[in-house]
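For reference, positions follow the sequence shown, starting with 1.
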Amino acid sequence: MDYPDNVTTALKVEAAVRESGAIPATIGIDNGVVLVGMNREQIERFASTPNIPKVSSRDLPFILASGKMGAMTVASSLVIAELASIPFFSSAGIGGVHRGAETSMDISSDLIQFTRSKVAVVCAGAKNILDIGLTLEYLETQCVPVVSYQSNDFPAFYCQTSGYKSPMRMDHADEIARAIEINWSIPGAAGMLITTPTREEDAIDSKDIQLVVKQAVEQAETEGVTGNAVTKFIMKAIEKATAGRSAEANKAVLINTARVAGELAVAHSHYLRDKGQHVGG
């Protein structure tokens with residue numbers, strides 16, 4: 001998002017978490033220092049500074065050592081969240097297996113980090129520019145628990161459904177809280193992926209997006225766009241094709257996902273409190 005829309009949206013995301021009864025902690029890197037819980041001035045600085053590099057988990061030692069600024073990906077955010085003992089992380093959409101990955105091997109490090117960090121990830125599924133089917137297959141291969149909250153379908157960012165059924169559905173926050181704790185008690189287990197679709201009034205029909213994505217992928221290949229730049233290229237193409245509707249839907253899914261993550265975090269906190277009282281009694 002462009003400035004100052006990015007600031008406004010970031011503050012609305014934090015407000016949605018607070019309204020759920022949880023505490024937000026926006027993460028970033030500034031001057032080689034990890035910030036966990038930015039203030040308004042820091043958010044403004046990040047939003048208005050051009051060309052801040054995206055920092056994945058593998059990039060952390062270099063960005064921290066060089067003293068630069070860095071914008072966190074899902075993967076690096078999970079590393080920091082676990083270090084800071086933050087059990088829940090909210091993202092609009094995760095990375096995944098890219099289209100054509102059978103030849104490019106382009107698979108997001110997010111999927112690997114789920115197997116390493118004990119953090120519950122709440123999101124609106126995977127970005128619809130990805131190969132959702134292969135993403136779900138890869139998550140299964142990596143033994144990452146995936147559950148959809150109050151929905152049968154695996155969502156696709158600002159589309160309510162990706163066309164794929166979710167591996168599991170749960171309708172109650174306290175059930176998910178128990179599942180998280182059970183997962184973390186299993187040897188070798190780490191993250192859990194919890195999906196929640198964007199609200200119906202904010203969603204875009206996936207059929208309207210698929211053709212645009214296909215054309216944008218082909219154009220990116222023609223123009224030699226590769227790596228992390230592909231996602232931004234395709235998202236801009238979608239925004240143009242939808243006359244800005246996707247940009248508004250992007251904001252809405254960020255806010256809604258943060259709200260649901262806050263609700264689940266509160267339910268998890270209550271579960272741990274009640275469990276402690278029961279054990280103590």
According to a 4.5 Å side-chain heavy-atom criterion applied to Ile, Leu, Val, Met, Phe, Trp and Tyr, with indirect links allowed, do L11 and I23 form part of one hydrophobic cluster?
no
Does a side-chain heavy-atom distance below 4.5 Å link Q160 with D153?
no
Can you list every pair that meets side-chain hydrogen bond (donor to acceptor under 3.5 Å, both in side chains) and has a residue in residues 82-100, with sequence neighbours left out?
R99-Q210
Is L254 reachable from I52 through a run of I, L, V, M, F, W or Y residues, each pair having side-chain heavy atoms under 4.5 Å apart?
no
Answer yes or no: are there more than 12 heavy-atom neighbours, outside Y3 itself, under 6.0 Å from its atom OH?
yes
Considering only residues two or more places apart or on different chains, which pairs with a residue in residues 6-35 satisfy side-chain hydrogen bond (donor to acceptor under 3.5 Å, both in side chains)?
E14-T26, D30-R45
Taking atom types as modelled and ignoring hydrogens, do the side chains of Q150 and H172 form a donor-acceptor contact shorter than 3.5 angstrom?
no
Please round to the nearest 0.5 Å and tell me the distance separating atom CG of L64 and atom CG of D59.
10.5 Å
Could you check I129 against I238 for side chain to side chain contact (heavy atoms under 4.5 Å, CB included), going step by step and ending with a plain yes or no?
CA-CA 10 Å; I129 64 174; I238 293 172; 4.1 Å; yes
I'd like to know whether L193 forms a side chain to side chain contact (heavy atoms under 4.5 Å, CB included) with C123, so could you lay out the CA-CA distance, the side-chain angles of the two residues, the decisive distance to 0.1 Å, and finally the verdict.
CA-CA 8 Å; L193 188 64; C123 67; 3.6 Å; yes
Heavy atoms of L130 and I94 approach each other most closely as CD1-O, 3.8 Å
State whether the number of non-hydrogen atoms from other residues, nucleotides or ligands found under 6.0 Å of E218 atom CD is greater than 12.
yes
Pair Y138-V144, side chain to side chain contact (heavy atoms under 4.5 Å, CB included): steps then yes or no:
CA-CA 9 Å; Y138 195 86; V144 177; over 6 Å; no
Please examine the side chains of S246 and I204, heavy atoms only from C-beta on, and report whether any two atoms are closer than 4.5 Å.
yes
Are more than 12 heavy atoms from other residues, nucleotides or ligands located less than 6.0 Å from atom CG of D2?
no
With no hydrogens and no angle check, do the side chains of S56 and S76 hold a donor and an acceptor under 3.5 Å apart?
no
Closest non-hydrogen atom pair between S162 and F154, with its separation:
OG-O, 2.7 Å
Counting distance only, does the side-chain N/O of T103 pair as donor-acceptor with the main-chain N or O of G100 below 3.5 Å?
yes
Please name the pair of heavy atoms, one in T195 and one in P155, separated by the smallest distance, quoted to 0.1 Å.
OG1-CD, 3.5 Å
What's the spacing between Y271 OH and D174 CG if we round to 0.5 Å?
9.5 Å
Shared hydrophobic cluster for V119 and I29 (ILVMFWY, side-chain gaps under 4.5 Å)
no
CD1 of I27 to OG of S77, rounded to nearest 0.5 Å, is 5.0 Å
Testing the 3.5 Å rule here: is there a donor-acceptor pair between the side chains of S117 and Q113?
yes
For the residue pair R169 / N152, report whether a side-chain donor-acceptor contact shorter than 3.5 Å exists.
yes
Between the CD atom in E181 and the CG atom in N183, the distance rounded to the nearest 0.5 Å is 9.5 Å
Once rounded to the nearest 0.5 Å, what's the spacing between atom CD1 of I80 and atom CD1 of I86?
9.5 Å
E223 side chain to Q219 side chain, donor-acceptor N/O pair below 3.5 angstrom:
yes
Considering only heavy atoms from C-beta outward, does the side chain of M1 approach that of V7 to under 4.5 Å?
no
Note: E248-K251 ion pair, threshold 4.0 Å (strictly below)
yes
Please say whether more than 12 non-hydrogen atoms of neighbouring residues, nucleotides or ligands are located less than 6.0 Å from CD in E200.
no
Among the clusters formed by ILVMFWY side chains lying less than 4.5 Å apart, do L78 and L111 turn up in the same one?
yes
For a quick test of reading the model, state the closest non-hydrogen atom pair linking V266 to A22 and the distance between them.
CG2-N, 3.8 Å
Cluster overlap M38 with V36, hydrophobic side-chain contacts below 4.5 Å:
no
In the hydrophobic cluster built from side-chain contacts under 4.5 Å, what are the other members alongside L264?
F88, V122, V147, Y149, M168, M170, I176, I180, W184, M192, I194, V260
Test side chain to side chain contact (heavy atoms under 4.5 Å, CB included) on F114 and L139; report intermediate values, then the result.
CA-CA 9 Å; F114 295 152; L139 287 166; 3.8 Å; yes
Distance-minimising heavy-atom pair for A267 and A177:
O-CB, 4.1 Å
Could you tell me the separation between the NZ atom of K127 and the CG atom of D110, rounded to the nearest 0.5 Å?
7.0 Å
Can you name the nearest heavy-atom pair linking D171 to S151, along with the distance?
OD1-N, 4.5 Å
